[in-house]
Amino acid sequence: MKKLILLAAIFVLAAPPESFAQAARRESIALQHGAHRIGKRADAEMQRWREHGLGQFIHWGVYAIPGGHWEGEYYAGAAEWIRSWSGIPNEAYDNLYKQFDPVDFDARQWARQARDMGVKYLIFTTKHHDGFCLWPSRYTKYTVAGSPYGKDIVGQIVDAYTAEGIDVHLYFSIIDWNHRGYRSARPETAEQRAAYEEFKTFTRNQLVELLTRYPAVKGLWFDGSWDAAWIAEAAWVDALGTELRAMHPGLVIGSRFRADEFGNRHYDANGDLIDDYDQTWERSLPENFAQTNGVDWDCVMTVPENQWGYHSDWRGYVKTPYDLLEMLVRAVSMNGNFVVNFGPDGRGNIRPEETYIAAEMGAWMRRNGEAIYGCSHVAQMKQQGWGYFTGKNTDKGKRVYMTVFNRPLDNHLRVEIERGAALPSRAYFLDGGAEVEFVDGGRNKHNNRLLRFVIPDNFDSGGKPFVVVLEFDRPTDTTDESYQQART
Ligand code: FHN
């Protein structure tokens, strides 16, 4: 025991806790427009967001009409970027809305499908970079109100999804190719400055308008905020964020909204996360938990390699429901939300590939969603390549879910439990509840306990990932605490 205390004392002296180092770093740069909070938001609205696990992204706009083609030519880029393609006159694109008439659009049907898929929140494009607004904004004529369709799409979506118990977050592109004052580079001349000021006012007005029209929404998901002109407006954007939060308590905003005064995006000059969660994980996941920096984050994922809006001709690798489930569980095991993108066509139909994904993921989630919703990272347990741990504390103790994607040939799921951590009292299949036996293989050289959970030879998961639940009689430390401890 004495030896242990001595060792611990040597360790503490030799390696100052990182919190000291962080404090020193923080003191080194006084920021007015960096992170306004160190550590995670602790309020109920943010906790709700954190527990969603699975989200749906919908990219929809006039780009769904050409669907990745212009005058018969195939466009290889992301379909929602087609206006920027050199072969397309801007004027022709900007008049496409006169054909926007999605006669098959049925918000309630989309919402039901999302509910059946197990989705807990939606991110919906109110306007993308082209500037076309899916709500009748009073600040521009370039909206759905001027299209043959005429009706408010954002309103229908917010109502339908909210009615199904799905939270709605509004995607909003800062880039707006349709506004005359928008620019990417910093304004230089007085004329450019005046136009950009108009654009800023327009942007603010639209955001206030959205929160006023749709009070049920839970968050704003910003995009297209990487322009030098926007980054240079750090103080103004910060003030705008404060205004939006004040008018909509609990509003969730990710790290794509604003930069600090030194132009740092996502993480400020002191390395602290700007706003509520890290929005850098697009079409990729962290390699490991350390890469998440211990903050909240989401990952937004396309089904093909890089198509968000509707492209009628998907080429290259198209993810399967199995791929997406694997990414979902991996994200949740590292405290992230996973958001699958859908790009409906110009008539308002969800494409068959996405309908298939929704059905397959939904079938799995109905049986195994408990391993996703409200779950977080499990420290203190290591697995051996068969899949991922997710976990949650319960009234009686804690529950750890082992979601298996790679079933070992000998049917033994090996688990290493850190010394000092509790051992499970029982294990069972989440789907069906049959008991799973486990063997305590003793301790390894690190004094960690090695367990083997034995999958019966005749167990058939039908080619789908399956979940083994471990019940513990006492809860462990919360994820955050264990993460902090790991860093000291
Ligand atoms: O340029 C956009 C892209 O079209 C898409 O909307 C994605 C979604 O996260 N965001 C931008 C690229 O980061």
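Just so you know, ligand 1 is whichever comes first in the structure, and atom 1 is the first atom listed for that ligand. Bear in mind that the values here come from a model prediction, so they are computed numbers and not experimental data.
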Is there side-chain contact between Leu170 and Leu211, with at least one heavy-atom pair below 4.5 Å?
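No; the side chains remain at least 4.5 Å from each other.
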Can you name the residues that come within less than 4.0 Å of ligand 1, going by heavy atoms only?
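Contacts of ligand 1 under 4.0 Å: His59, Glu80, Trp81, His128, His129, Tyr171, Trp221, Asp223, Trp226, Arg256, Glu282, Val300, Trp308.
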Only one of Trp60, Trp177, Phe100 forms a ring pair (Phe, Tyr, Trp, His ring centres under 6.0 Å) with Phe132, so which one is it?
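With Phe132 as partner, ring pair (Phe, Tyr, Trp, His ring centres under 6.0 Å) holds for just one option, Phe100.
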Is the ring pair Trp110/Phe105 parallel, tilted or perpendicular, if the boundaries are 30 and 60 degrees?
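Perpendicular, since the angle between the ring planes exceeds 60°.
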Does Arg186, at its CZ atom, have more than 12 non-hydrogen atoms belonging to other residues, nucleotides or ligands within less than 6.0 Å?
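Counting neighbours around CZ of Arg186, 12 or fewer heavy atoms of other residues, nucleotides or ligands fall under 6.0 Å, so no.
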So, are Arg41 and Asp43 salt-bridged, with charged N and O less than 4.0 Å apart?
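Looking at Asp43 together with Arg41, the answer is yes, because their closest N to O distance falls below 4.0 Å.
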Main-chain N/O of Ile372 paired to Glu51 side chain as donor or acceptor, under 3.5 Å
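Pair absent, no side-chain N/O of Glu51 close to backbone of Ile372.
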